Amino acid sequence: MTKQSIDKTGMWVTTLCALHCLLLPVILPLLSMIGLSFIGEELLERVILGTSIILGMVALFIGMRQHMKAYPIALLLAGGVIYWHKDSLGEMGEPVIILLGASMIIAAHWVNLRLIRGNAAIADAVSE
């Protein structure tokens, strides 16, 4: 798996996690009718988010070794903490917190990709 594919996978996992959380209230009644109510469990949400954070940490540490910038990791962790506490503003604030946290996690991967590409372009220019 390449550095870029780890970041892209992390972005997709986070996006799917956010969509799961945002769409769950709409589809939960349907899921229970077809025997898939476990998708609404808090444990599944935590596992998906935890997987996203672990995958993000791997990708960002690999990238940091190349570009030597730590702020994507800080962005990832801040987004993870915000997302983890999605219930803190109640039912009305939950979508806002989910979108903010997920956006920060996705932005961390995006910034990491840009830094890696920028560093590769500099290395190519120096080697010429």
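This structure is a prediction, so every number in the text was calculated from the model and none was measured. Residues take their numbers from the sequence shown, with the count starting at 1.
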Are the side chains of Ile105 and Leu49 in contact, using a 4.5 Å heavy-atom criterion? yes

Running the 4.5 Å side-chain criterion over Ile, Leu, Val, Met, Phe, Trp and Tyr, what cluster does Leu75 land in, apart from itself? Ile82, Leu89, Ile97, Leu100, Met104

Minimal heavy-atom distance between Gly63 and Asn112, with the atoms involved, is CA-OD1, 3.6 Å

I need the Leu115 CG to Met68 CE distance, nearest 0.5 Å. 12.0 Å

Going from CD1 on Ile116 to NZ on Lys69, what distance comes out if it is rounded to the nearest 0.5 angstrom? 12.5 Å

How close do Pro72 and Ala108 get, counting heavy atoms only, and between which atoms? O-CB, 3.2 Å

Distance from Arg117 atom CZ to Gln66 atom CD, nearest 0.5 Å? 11.5 Å

Under the 3.5 angstrom rule, does the side chain of Ser103 hit a backbone N or O of Leu99 as a donor-acceptor pair? yes

Does the Arg46 side chain pair with the main chain of Trp84, one donor and one acceptor, at a distance under 3.5 Å? yes

For the side chain to side chain contact (heavy atoms under 4.5 Å, CB included) test, which of Val47, Ile53, Ile54 pairs with Thr51? Val47

What are the two closest heavy atoms between Ser52 and Gly10, and how far apart are they? OG-O, 4.2 Å

Thr9 versus His109: any side-chain heavy-atom pair under 4.5 Å? no

